[in-house]
Amino acid sequence: MTSSAAAPDLLLLTRPGCHLCVEARAVLERIRADLGVGWREQSIEGDADLASRFGEEIPVLLIDGVQRDFWQLDEARIRRLLGA
């Protein structure tokens, strides 16, 4: 990423009680600490559209609105996608 490029939008879709979501948060926190790339989280609970679309794949990582990973996030792959 160049300094003139907009920061990527990382959105982690989760649900309460999800043990894989805990692991996904840890991956994204390591990436945030190393690269300074922020991320946000949204629960699919209470959102019928998200639950229908992603319910079987939680956690899901979207980068700039595109699904890039699910279940167990591949940290090396995500770093490559972010250009690190």
Side-chain angles (χ1 to χ4, degrees):
M1 283 181 356
T2 64
S3 59
S4 62
D9 177 37
L10 277 66
L11 174 60
L12 181 64
L13 299 176
T14 62
R15 83 166 115 238
C18 167
H19 71 281
L20 292 176
C21 297
V22 173
E23 295 172 19
R25 286 182 196 104
V27 167
L28 293 177
E29 275 302 304
R30 284 192 299 273
I31 291 171
R32 183 201 57 74
D34 290 346
L35 304 179
V37 176
W39 61 279
R40 57 195 175 93
E41 181 175 341
Q42 180 178 343
S43 175
I44 66 167
E45 188 171 273
D47 187 317
D49 290 336
L50 288 177
S52 173
R53 185 170 172 198
F54 298 110
E56 298 299 318
E57 298 177 341
I58 294 298
V60 172
L61 177 65
L62 303 173
I63 300 178
D64 294 330
V66 177
Q67 182 176 344
R68 294 298 188 171
D69 218 340
F70 64 98
W71 290 333
Q72 293 182 324
L73 300 189
D74 183 336
E75 185 169 347
R77 181 175 180 275
I78 295 166
R79 287 175 182 272
R80 281 193 307 275
L81 288 170
L82 295 173

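FYI, side chains are in, hydrogens and waters are out, and symmetry mates aren't considered; it's all heavy atoms of this structure.
- Between atom CD1 of residue Ile31 and atom CG of residue Leu73 there is a gap of 8.0 Å, rounded to the nearest 0.5 Å.
- Considering every non-hydrogen atom in both Pro8 and Ile63, the closest pair reads CB-CG2, 4.2 Å.
- Residues passing the side chain to side chain donor-acceptor pair (under 3.5 Å) test with Arg32, sequence neighbours excluded: Glu29.
- With sequence neighbours left out, Asp9 forms a side chain to side chain donor-acceptor pair (under 3.5 Å) with Arg40.
- Taking the side chain as every heavy atom from C-beta outward, Leu81 and Asp69 never approach each other to under 4.5 Å.
- The side chain to side chain donor-acceptor pair (under 3.5 Å) test applied to Asp64 returns no partner, not counting sequence neighbours.
- Formation of a donor-acceptor pair under 3.5 Å by the Arg77 side chain with backbone atoms of Arg68 is found in this model.
- Scored by the side chain to side chain donor-acceptor pair (under 3.5 Å) test, Arg25 finds Glu41 as partners (sequence neighbours excluded).
- Sorted by first and then second residue, the salt bridge (Lys or Arg N to Asp or Glu O under 4.0 Å) pairs with a member in residues 50-62 form an empty list; sequence neighbours excluded.
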Hey, mind stepping through Arg79 and Leu35 against side-chain contact (heavy atoms from CB on, under 4.5 Å) and telling me if it holds? CA-CA 9 Å; Arg79 287 175 182 272; Leu35 304 179; 4.1 Å; yes
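- Residues that satisfy the salt bridge (Lys or Arg N to Asp or Glu O under 4.0 Å) test with Arg30, not counting sequence neighbours, are Glu75.
- Partners of Ala76 under the side-chain contact (heavy atoms from CB on, under 4.5 Å) rule, at least two apart in sequence or in another chain, are Asp74, Arg80.
- Members clustered with Val60: Leu11, Leu13, Leu20, Ile44, Leu50, Phe54, Ile58, Leu62, Phe70, Trp71, by chain and number, using a 4.5 Å side-chain heavy-atom cutoff among hydrophobic residues.
- Sorted by first and then second residue, the side chain to side chain donor-acceptor pair (under 3.5 Å) pairs involving residues 42-52 (not counting sequence neighbours) form an empty list.
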